[in-house]
Amino acid sequence: MAASDTDRAQRGIQSIEVGGQLLRALVHHGRPMALKDLAREADMTAAKAHPYMVSFGRLGLIEQDRASGHYLLGPLALQLGLISLQQADPVHIATPLIAQLAQQTGHTVALAMWGARGATIVRTAESPSPVHVNMRHGTVFSLTHTASGRLFATYLDAAVVRELLEEERRRQKPPQEGEPAPPAGMPRVQPLPSWSDFECQLQEVRAHGISRSDGEVIEGVSAMAAPVFDHTGAIVLAVTAIGPAGIFNTAWDGDIARALKACADTVSQRLGAPASAITPAASSSRPER
């Protein structure tokens with residue numbers, strides 16, 4: 001029976017895939033390795049692994065330290081990695097994942113990037129539930145009273161954040177005495193925190209590696225946001241879930257928090273983020289404010 005077009009298109013070269021396990025081992029360990037250790041990781045003998053390493057060396061994918069004899073990634077591998085990082089688009093990578101996340105959590109999920117006015121929605125995935133909260137592209141989150149705003153504030157430069165807080169303070173119009181409260185479902189004007197109080201909120205975000213908000217801007221609406229980091233360890237996206245407070249679990253270790261972190265971590269890994277950047281403990285290395 002003739003192979004289908006799909007079968008022919010998907011057929012690979014087995015020897016390349018076998019040899020690729022040696023490269024995977026080098027990438028996984030992140031340090032120079034002896035041939036016997038590489039072979040063991042790739043589940044083959046050293047005699048079988050050696051010809052692959054010779055060919056990879058000729059291509060520039062690996063090189064061998066003359067003193068120790070250990071193998072490490074070569075110049076071509078480094079060039080491929082740099083080009084991959086340059087081509088990586090965090091929004092493009094994250095968009096299909098947030099559609100799955102909305103289905104998994106039952107809540108609307110958005111991607112926010114840092115713009116000239118603050119954390120700004122650039123993509124949304126609607127909740128499958130008939131009871132959900134709508135978010136629009138271009139909406140700018142409050143720095144101080146939203147999960148996304150506080151998330152970016154936690155990982156951005158302290159001087160920038162402090163200046164933005166002062167700008168928000170200058171722009172905010174204080175409520176007038178006797179002024180009626182906004183109708184249900186409409187944003188409320190909240191007093192801005194002092195810098196020291198805001199610092200305490202950011203410390204909490206830093207400790208948990210995720211941010212949350214419960215009815216601060218709109219009564220009855222809750223949200224949580226998890227950070228996406230690039231290859232430099234800088235925050236590039238907030239993955240934010242938002243929904244009605246009555247059915248939205250804002251527990252730090254709840255199902256929504258875990259799902260958000262898993263999604264954000266997957267995007268961070270695809271962007272080449274260092275492992276330390278996607279763990280809460282890593283944030284403790286950030287300079288004191």
Side-chain angles (χ1 to χ4, degrees), residues 1-100 111 113 122-123 155 226-237 239 261-279 281-282 285:
M1 181 183 295
S4 68
D5 290 342
T6 300
D7 291 338
R8 285 194 293 269
Q10 292 181 344
R11 183 175 297 140
I13 300 175
Q14 187 177 12
S15 61
I16 293 178
E17 295 174 8
V18 171
Q21 297 304 311
L22 296 163
L23 297 177
R24 284 180 181 272
L26 273 178
V27 171
H28 176 72
H29 285 273
R31 57 176 172 77
M33 296 179 68
L35 179 62
K36 62 181 178 64
D37 296 326
L38 277 169
R40 184 178 62 251
E41 288 289 321
D43 196 24
M44 64 178 75
T45 65
K48 181 178 180 180
H50 184 259
Y52 285 107
M53 301 307 287
V54 171
S55 293
F56 289 152
R58 290 172 179 167
L59 291 170
L61 286 170
I62 61 97
E63 58 187 18
Q64 190 174 19
D65 182 79
R66 291 185 178 182
S68 66
H70 289 189
Y71 293 92
L72 61 156
L73 292 176
L76 179 58
L78 297 176
Q79 291 170 18
L80 290 171
L82 290 172
I83 292 171
S84 176
L85 291 173
Q86 292 169 5
Q87 294 178 344
D89 179 349
V91 176
H92 177 74
I93 293 171
T95 295
L97 297 180
I98 65 169
Q100 300 170 16
L111 298 176
M113 298 186 74
V122 294
R123 288 285 189 280
Y155 296 104
V228 171
F229 302 100
D230 67 8
H231 66 285
T232 69
I235 185 171
V236 290
L237 281 179
V239 182
K261 285 182 180 179
C263 178
D265 287 355
T266 296
V267 181
S268 295
Q269 289 162 6
R270 294 185 185 177
L271 292 173
S276 59
I278 57 177
T279 61
S285 64

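Hydrogens, waters and symmetry mates are skipped; everything else that's a heavy atom, side chains included, is used. On a predicted model such as this, the values are computed, not experimentally measured, just so you know.
- Side-chain contact between Y71 and L35: present, with at least one pair of heavy atoms (C-beta onward) separated by less than 4.5 Å.
- Nearest heavy-atom pair across V228 and S268 is CA-OG, 3.4 Å.
- Remark: P51 engages no residue in a side chain to side chain contact (heavy atoms under 4.5 Å, CB included) (not counting sequence neighbours).
- Remark: S55 engages no residue in a side chain to side chain contact (heavy atoms under 4.5 Å, CB included) (not counting sequence neighbours).
- A distance of 9.0 Å separates CD1 in I62 from CG in L38, rounded to the nearest 0.5 Å.
- Under the 4.5 Å side-chain criterion, counting only non-hydrogen atoms from C-beta, V239 is not in contact with V267.
- Atom NE2 of H70 sits in a crowded spot, with more than 12 heavy atoms from other residues, nucleotides or ligands closer than 6.0 Å.
- Taking CZ from F56 and CG from L26, the interatomic distance works out to 9.5 Å, rounded to the nearest 0.5 Å.
- For T45, there are no side chain to side chain donor-acceptor pair (under 3.5 Å) partners at least two apart in sequence or on another chain.
- Atom CG in L72 sits 12.0 Å away from atom CE in M33 (nearest 0.5 Å).
- The two residues L76 and L59 come nearest to each other via the heavy atoms CD2-O, 3.2 Å.
- Evaluation of the side chain to side chain donor-acceptor pair (under 3.5 Å) rule for R40 yields D37 as partners, not counting sequence neighbours.
- Annotation: the span from T266 atom OG1 to I93 atom CD1 amounts to 11.0 Å, rounded to 0.5 Å.
- Pairs engaging residues 43-72 under the salt bridge (charged side-chain N to carboxylate O under 4.0 Å, His left out) rule: none recorded [sequence neighbours left out].
- Around the CD atom of Q14, the shell of radius 6.0 Å holds no more than 12 heavy atoms that belong to other residues, nucleotides or ligands.
- Atom OG1 in T95 sits 4.5 Å away from atom CZ in R123 (nearest 0.5 Å).
- When every heavy atom of C263 is checked against every heavy atom of L97, the shortest pair comes out as SG-CB, 3.8 Å.
- With sequence neighbours excluded, the residues satisfying side chain to side chain contact (heavy atoms under 4.5 Å, CB included) with V122 are V91, L111, M113.
- The two residues H231 and P274 make their nearest non-hydrogen contact at O-CD, 3.6 Å.
- Contact between G233 and A277 at its shortest, heavy atoms only, is CA-CB, 4.1 Å.
- Across A42 and Q21, no two heavy atoms sit closer than the pair CB-CB, 3.8 Å.
- Taking the side chain to side chain contact (heavy atoms under 4.5 Å, CB included) definition, one finds that I13 meets it with S15, I16, sequence neighbours left out.
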